[in-house]
Structures are given as C-alpha cells and as structure tokens.
**Student:** 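If you scroll down you'll find the structure; I have some questions about it.
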There are 2 protein chains.
Amino acid sequence: MPLLFAILVLMTTSTSSSYSISLAPSKIPQLGMSSTKLKNTHDALTQKVDKSDLEIFYFNQDLDHFTFTPKSYMTFQQRYVIDSQHWAGAKVNAPILAFLGEESSLDSDLSAIGFLRDNGPRLKALLVYIEHRYYGKSMPFGSAEEALKNASTLGYLNSAQALADYAAILLHIKEKYSTKHSPIIVIGGSYGGMLAAWFRLKYPHIALGALASSAPLLYFEDTRPKFGYYYIVTKVIKETSEKCYNTICKSWKEIDRVAAKPNGLLILSQKFKTCGPLNGSSDIKDFLGTIYAEAVQYNRGPSYWVTSVCHAIDANPPTHKNDLLNRVFAGAVALIGNRTCYDTNMFSQPTNNSIAWRWQSCSEIVMPIGYDKQDTMFQLAPFNMTSFIEGCKSYYGVPPRPHWIMTYFGTQDIKLILKRFGSNIIFSNGLSDPYSVGGVLEDISDSIVAIKTKNGSHCQDISLKRKGDPEWLVMQREKEFKIIESWISMYQKDLRDLNILI
Amino acid sequence: MPLLFAILVLMTTSTSSSYSISLAPSKIPQLGMSSTKLKNTHDALTQKVDKSDLEIFYFNQDLDHFTFTPKSYMTFQQRYVIDSQHWAGAKVNAPILAFLGEESSLDSDLSAIGFLRDNGPRLKALLVYIEHRYYGKSMPFGSAEEALKNASTLGYLNSAQALADYAAILLHIKEKYSTKHSPIIVIGGSYGGMLAAWFRLKYPHIALGALASSAPLLYFEDTRPKFGYYYIVTKVIKETSEKCYNTICKSWKEIDRVAAKPNGLLILSQKFKTCGPLNGSSDIKDFLGTIYAEAVQYNRGPSYWVTSVCHAIDANPPTHKNDLLNRVFAGAVALIGNRTCYDTNMFSQPTNNSIAWRWQSCSEIVMPIGYDKQDTMFQLAPFNMTSFIEGCKSYYGVPPRPHWIMTYFGTQDIKLILKRFGSNIIFSNGLSDPYSVGGVLEDISDSIVAIKTKNGSHCQDISLKRKGDPEWLVMQREKEFKIIESWISMYQKDLRDLNILI
C-alpha cells in the first residue's frame, strides 16, 4: 500500500522552524513507498500470491481527455489486469469489481489488495485492476524520464485525467466482454480511495458503487481537520506505551542539544550509524518522524509495528541523557531491521513513483499536513500554505492550485451536499490510521455510509485476508461485502423492472 | 435563442445524395442564430428589456482546468452579469439563479431569457448570467481571430471546460457576496440546458438544482432517437396544414426537375430572387429546409411562424407545376420578409459564434441529425457518421470524439442510472420543438423530473413572459417555479437540521 504522506510530511517538517522546499533536487523530499522500502524486513502488508490467473493488457489511452488540441490526441499505453476465472458472464449481468490504482505500480497493488480476489468468487465477478497514469508501466511520452521531466509533461498527471482514464478503460472492458449491463463496483485505497469515491460521483453511469478505503478526501485546505495526521500518530503511540511516548517527546530536544555541541553532527551520525554525514539535526528528526508515522499508519498484525518500535524504545532503562538517543535509535532499528549503516534519506530517495507523486502533491493534492499544536509528541512545525505554494512554484515554474479539488470535487459541507445527491459509496476508515482524520466518518445517507473501526490501520480492510485476522476486521469486511451485494441486487431488480434487455 | 441545429442539418444535407464537408471555407455550413438573422422581421423571441440594473464583470478564467502544464495557466477574461436588486442577502442565505450561457453572446441571451428576471423578485434571488467561453466577449487568446483560428486554439472549447468555468465563477461570486450557503439554481436552454443538467450532476456541491430547458442531451450516437428532429418538423407542418405539407413534399422534385433543365439554375435563381448565382439545386433546398426547421423550432406567439409560412404557401391555388415553386418561395418570404433579393446562404454565413459552434459540433457535440426515413416531407439524406468524422478530420486535422459525451456524461440508460443517483433536475420540453426527440421526456425519480407540454417550442418556458402567453405556458412556468422553490425550502431546512451556521 503506498504511503500518501511521506512527501507531505517531509515537505512541511524538514526544517522544524521554517518550512522550505529546496531548489536543489537532492534535497527535495520524496514520496515513500512503505511496502517497497520495508518489504525486506517486517513487511506485513504484502504476500506472495498466485498471479497465474491474471491477464495483462495495455489500453491505448488519450493523454488529454479535456482538450481537443492536436497535442491532446497523443496516446500512451495504460496497463490493466483482468482475472476472469470466476466471472459468471454477460448473460446474467455478472458484476465487475474494479480496483482503481493510486500512486504506485500495479505490481505492488496486486500483492497487497485482497478485497477483489477474496470476494470475487462469491460475487462471480470479473476482477479488474487498473494502473494509474504516470505510475508503473503506464507511462506517457515513451519513458519515465520524459514523462517526469517537468511541468510540461507532468501537467497531464492529475486526478480528473486519471478518472477519465478509468472511465475509458472500463467502457472498453465492457465492450470487450460484450456486457452492457454488468454493474461495476470500484475499489480503491488512500488516494485511490478518493478516486473511487469521486469516480462514483462523477461517473455514476459507469460505476454503480464505490468502496473508498482510508480516503482522506476531506484533508484539504478548505476542510482542514481540527486534529491532524500527527495527532493520531501521537495518540496511538501514547496509548501503546506512555513511556515510549515520553521518551519520544524528550528525544527531539536531546537531538538538538547534541547537534549544537562541537562535532555534534558527527556524534549524532555515530549514534545513529548513518551511512553518510548529516546536514543537520533535521536529517535525524525527519527520519525518526517518518518511522513513527509509518509504524502507526501500517500498525497491524502479525507484526504490529508500533508495538515493536515502542517495545524496543522501552526495553532499556535510561542511565543518562544520551540513552534517550540509544532508545529512539533502537525503535528505528526495530522497524527497519539491523543494518551495517542507516540511510536517513531512505524514505525520501527519489523513485519514479515518488517523483510523480511529488508533482501531484505540489499541484492539486495539496494536503496541509504538519506538526500542529495538538501533536504533542513532535516539535511544532505547522503546515504553511504560503511557503508551500512558493516552494512548488519555484521548483516547477507553475503554482499549485490548492482550491481546485474543492472546486471540482467539493469537499466542504459534504453531508449537506450528498444527503440528497448520489448513492452507493462506502467510506471505510480505521480510527488508528492517522489519515482517518481526513476521512468521512459519519453516514451521509442510507447508501452513502461510513464504516469505521477503532483499531483499523491504513487500508487494512481491502488488504489480503489472512489467518489470524482479528474478529472486528473479518466482520468489517463482511459488512462491506453485504452492502455491495445489496447494491448489485437492487440494480438487477431495477434492470428487470425497467425491462432493460440484456 | 440560438439555433443548435443549423450546422448539423446543413452538414448532413447540403448535398442530398452524398454528404461531404467541403474544404473550401466559403462552402462550410455554418451555425445560424435565428434571433440574429431574423430579428428585423418577425422576431417574436426577444424584447427590449431594461438593463439598467445589470452590472457587467469580467473574471480572470483559467484556459485549461484539467492540465497543469505552463500553457494551461493562460487565462482569459470571461464575462458575467449580475442583477442584485432583488437579492435578500447572505444573512438569510437568499438563493442565486444562474443562467449558464450557451453558444451565443450574452447580449442576445439577456434580451431573450426571462426565467431569472420574471422569478427573481419572488425568490429574492441574486441573478447571474455567465457567458460561455469562446462566445461574445469571453474570448481566449486575446481576439476572436486568434481563438477561432485552428484546432490548437479551439481545442480548449468544450463542455467540460465550460462547466469548470461556471464552477469557478460561481464560487467566486459566492465569495464576493460573502454568502457561503446561498443555494444556486442553474438554468440553461438548448445546449445550455444540457450544460445546466450536467452541471448539477458534476458539481452538486455548487448547484443545488438545474432547470434544463429543451436540452437534447440524449441526441447522441449512442442514444439516437427513433424518430429524429425532422420527424417533428414534418409532423408540426402537417398538423398545421395538410395542404402545406403536400406542397412542400412535392416541391423538392420540382426543384430538381427545373434545375436539370438547360439554364435550370438560372431559372431557379430568378424564381427565388437569389442575390447570387446558384451552385446547385441544394442551395435552394437547404435554404428552404432551414426555413421550415426554424419556423417549427420557434413556432410561438404572437407570430406563430409555421402558421405564417403555411398560410403563404397555401394562399394561392396552383395553376401549373411551377406554382409549386412560387408557393414555397412565398413561404420563405413570409418568414424572412420582403427583400430585394434573397441570400440562400443567409443561415450559414460565418460569424464568430457559428465558427466556434462548428468546432464544438465537429469535436464532441456530434448529434446525428439528418433527413431520415420517417421524415416524409424531405428527400432522404440520413446522417452518416463515417463521412461526418472524415469531413471534420480533414477540415480540422483532428477527428471528433463522438463517444466522449457518453463517456463523460453518460447518455445511455439514463433512467436506470439516475433512478437512484442525483436529484433536483427539471428537464422541460415542448413536444412541438423538433429537439424534444432528444430530451428527457419521462420522470426519472421524485426530484429528477420531466415537464413536457404539447405545444411548446424550443426553450419557450425560459423565454420572457409576455401578455397573451397561453394558459398552458403560464402554468408550466409556475410548476417549474414551485419545484425550484421546494428544492430551496428543503435545502434551508437541511441547513437548519445540520446546524450549519450562516
């Protein structure tokens, strides 16, 4: 499951007193892909799954759906994958479950997403997975190098274009399988969850319903949550271990104190076994902050990362002040594993995915995430929209449009707006997921509903089922399944009532 | 009220045996603006209205809402007009009625559209009129000459961009008047009616409801109506006068017969007092076909164009065959008025508006209108999509995307799709309007409703109220008003129930 937050977090907190996005490419914070970065250690998020029933296709996709200039007629090959083994076919209008990719390669999604293959057989559904433009192998302009070069090529990477891609591919699939009236349920997680909900709202003629897992679609400038992402990070760690929380609280000042010594950065570098020299104490602080966020966001069985991290932090009683550093270092090691040295930039090293996501979060998906007043575990570093905009503008040459999401999708007064408009959306959130603060947590209408669980972590409900899943998770998934099943039944009844021929 | 049809009609019928879009600019069929072309004669559509309460503004609009390339940050000045004299203000969340412009200058709309000013005082509403991009004074690229030059500049002219323009301006107006929760009702006619309905569906967070007058939003390739535009033209004329209908039926062969004589075109030219020489009998036939279509589409009091035309055609009993031509000529004169000569291209002379609309109908608004089998009054010339696409492609260098409207907005199975999705749309149609064949004529749900009248002509319900309006029209408008009023009441109640502060 991709991490939405890394770039945002790092962008707002990389220097604790004043935020700035560096113009030097090497300093620009990157998107972290937890499942990629951490899979060699404790990765509890993905499994080896049988992919032999998957067929891979490429669709000739329009680069630009919304202008009709000669340039917009450029196309690219967009990857999608189909599993048709369980599908009951067009004759019975058997349903289609479609996973809408987010900011990652489809390969990693195929290993992590369980909802489709776990429920496909029961629904006799055709399973479809679509990769998001500019990620994985779905690269316009012939190569990632070209596509990710600058604003002129990246400019076509945004959510409205991605939704139109999904519309075109899903219609294409319906034609290919000669099934005019198979209902489509779209499923997505995190940013992909936003896309799923938005897709149902913008393309109701294509998707009958949406399961939007851990979609922080209210986490924008016009609907900043009262308590932010790091409030939950703090809360979960504190609830896991008050002692752990206290250690982390104190550690920042200790890092600053050591850094301020003569050769302070060298001492820190040795303490944290960094692979390279440090540029400042913020290198360590950002590294640790990401560890805690990542541990909380993906805190689930069998590993329970927060427990591991806090267990390590709490393990040795402090003898003198420096032990604070040993302890937080032990926490990091518990998550990342024993290494000969630790790269403090490991979460921010540029990959194609992170470069693409950096563009998205610097253009329209501008989420005002920072260390706010309520986030008592961290040193204060709130998100500053003005400097964020300036940073993006100076880096890309074009400013973000932080209000565009609100203009196009609407985020304010969602309950008022959708109470009498739209239907068939599940917003699922685990309240232990820091992103849940930006999610829809209350039912909006009879069929636009919120499913929340106390313990759930980011996108946990749509991840692969496994033995030992807690009871609440099994029940949550079953509830989601039942709701989707009821949408499909209602639709099949409507088809009959309206005498629509198959 | 602009004519949607002219370019489409002429494109499909300009040569009766085989359609071709000519590459020579002078031969390209144009959009006709009935209220412009005919206003000096019988124009019953517009009145002189008091515009002293209207304030004109220009909004700095993004050229491209859906890509974020440096080029898409170009802006243009988009015109909108506000009448605030009746508005009860932000404190009581008084409503906003917003007219969404179609393919014409706002100046002509302001003279023709009555629904806002006739109902604004009763609702204590703020009245807003917004001009469509690339029409009137809302021209990108600095000038009409630049904007309308070729596909590279015209490429930004389409319905999705236009809807996003309206979204941006309406949010801007709400901010300007500091009214966060004033409900907005959008109103449009013809193509503008499609935009109004689509706006409610795509931007429910901005518009509470829509009145879509005479919106043929089902008249696309994937939902071709069983009986087409000219079926109604024929039907209305036949119902007005069987004799008139018979004369017109016979006239086409007579025109062909005369044209085939030595000097036949010269004889026709003299018969029809044409201002210039004829290129073929189709010049006359297209001219007459447009007269009949126009007469039917705008057939309303006090003039009743169909009655005038048929009265003239029926007036003199025929003595010999040629009198057929005298009679259909008399019909044309009845509509256009006495002139020293008649320009058979009068409906197709290029104007900025018609050039812009030609692009729209050659890119996405591809309506398959032709003389079909059922349209017995005309010589057969059905719409041919293949040759239409080829014609547009060779003219603009880029092909139309005739399925895009279906992909983005959904036109198939509208009843199935919207039965449980969306709310607050009125589709109004007069069944004597040829475009009604492409309209929504049945209720879809409790709040997505069809209002149809036997006698109504194109967009008649939203035109200016006048003394002598027939009873059914008065009642239709009142019904529309009451429905809109109920949406607003329900919304005000929801605001209170949800404890949303003003």
Side-chain angles (χ1 to χ4, degrees), chain A residues 62 64-73 151-158 160-161 164 167-168 171 180-181 200-206 359 363-364 397-401 403-404 406-424 447 490-491 494-495 498 500, chain B residues 62 64-73 151-158 160-161 164 167-168 171 180-181 200-206 359 363-364 397-401 403-404 406-424 447 490-491 494-495 498 500:
Chain A
D62 286 331
D64 188 351
H65 301 274
F66 299 99
T67 66
F68 292 32
T69 62
K71 196 176 175 187
S72 70
Y73 280 77
S152 294
T153 50
L154 283 164
Y156 303 88
L157 166 56
N158 59 60
Q161 298 281 0
L171 289 179
K180 216 170 157 188
H181 291 111
R200 168 60 180 160
L201 289 171
K202 295 289 188 210
Y203 297 85
H205 50 290
I206 301 179
W359 161 259
S363 51
E364 60 164 10
V398 294
R401 292 175 176 169
H403 297 283
W404 169 243
M406 186 251 185
T407 301
Y408 192 52
F409 297 111
T411 52
Q412 289 181 306
D413 299 322
I414 194 167
K415 192 152 185 181
L416 175 68
I417 303 306
L418 296 185
K419 191 180 171 183
R420 301 184 197 281
F421 184 95
S423 54
N424 299 1
S447 72
M490 181 81 88
Y491 172 88
D494 285 346
L495 273 182
L498 291 169
I500 291 174
Chain B
D62 287 330
D64 188 352
H65 300 275
F66 299 99
T67 67
F68 293 29
T69 62
K71 197 177 174 185
S72 70
Y73 279 77
S152 293
T153 51
L154 282 163
Y156 303 89
L157 167 54
N158 59 60
Q161 298 281 0
L171 288 179
K180 215 170 159 190
H181 291 111
R200 168 62 180 159
L201 289 170
K202 295 288 187 209
Y203 297 86
H205 50 290
I206 300 179
W359 162 260
S363 51
E364 59 163 11
V398 293
R401 292 176 176 168
H403 297 283
W404 169 244
M406 187 250 185
T407 302
Y408 191 53
F409 297 110
T411 52
Q412 288 181 308
D413 299 321
I414 193 167
K415 194 155 183 178
L416 174 68
I417 303 307
L418 297 185
K419 191 180 173 184
R420 302 185 196 282
F421 184 95
S423 54
N424 299 0
S447 73
M490 180 82 87
Y491 171 88
D494 286 346
L495 273 183
L498 292 169
I500 292 174

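The structure displayed is predicted, hence computed values, not measured ones.
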**Student:** I need the residue from B/P400, B/S447, B/G410, B/P204 with the largest number of non-hydrogen atom pairs under 4.5 Å to chain A.
**Tutor:** B/P204
**Student:** If you measure from NZ on B/K419 to CG on A/D494, what distance do you get to the nearest 0.5 Å?
**Tutor:** 4.0 Å
**Student:** Any idea which of A/I206, A/L201, A/N424 has the most non-hydrogen atom pairs under 4.5 angstrom with chain B?
**Tutor:** A/L201
**Student:** Tell me every residue that passes side-chain contact (heavy atoms from CB on, under 4.5 Å) with A/S363, counting only those two or more places apart in sequence or in another chain.
**Tutor:** A/W359, B/F68
**Student:** Roughly how far, to the nearest 0.5 Å, is CG of A/D64 from OG1 of B/T69?
**Tutor:** 8.5 Å
**Student:** For A/D62, enumerate each residue passing the side-chain contact (heavy atoms from CB on, under 4.5 Å) test, keeping only those at least two apart in sequence or located in another chain.
**Tutor:** A/H65, A/T75, B/R401
**Student:** Going by heavy atoms in the side chains, are B/Y203 and A/F409 under 4.5 Å from each other?
**Tutor:** no
**Student:** Is the backbone N or O of A/Q412 less than 3.5 Å from a side-chain atom of B/H205, with the two atoms forming a donor-acceptor pair by type?
**Tutor:** no
**Student:** How about A/F66 and B/Y408: are their ring centroids closer than 6.0 Å?
**Tutor:** yes
**Student:** Heavy-atom pairs under 4.5 Å with chain B are the metric here; pick the option from A/A164, A/G422, A/A160 that has the most.
**Tutor:** A/G422
**Student:** Tell me the closest heavy-atom pair linking B/A167 and A/T407, and the distance in Å.
**Tutor:** CB-CG2, 3.9 Å
**Student:** Closest heavy-atom contact between A/F421 and B/S423?
**Tutor:** CD1-N, 3.8 Å
**Student:** If you define the side chain from C-beta out and look only at heavy atoms, does anything of B/R420 sit under 4.5 Å from A/M490?
**Tutor:** yes
**Student:** Output the option from A/S72, A/G397, A/P399, A/A168 having the highest count of non-hydrogen pairs under 4.5 Å with chain B.
**Tutor:** A/P399
**Student:** B/L171 versus chain A, heavy atoms under 4.5 Å apart: side chain, backbone, both or neither?
**Tutor:** side chain
**Student:** What distance do B/L154 atom CG and A/T67 atom OG1 have between them, rounded to the nearest 0.5 Å?
**Tutor:** 12.0 Å
**Student:** Pick one of side chain, backbone, both or neither for B/N158, based on which atoms fall under 4.5 Å of a heavy atom in chain A.
**Tutor:** side chain
**Student:** Is the side chain of A/K202 donor-acceptor paired with the backbone N or O of B/K202 at a distance under 3.5 Å, no angle test?
**Tutor:** yes
**Student:** Does B/H181 reach the side chain of A/D413, with side-chain heavy atoms less than 4.5 Å apart?
**Tutor:** yes
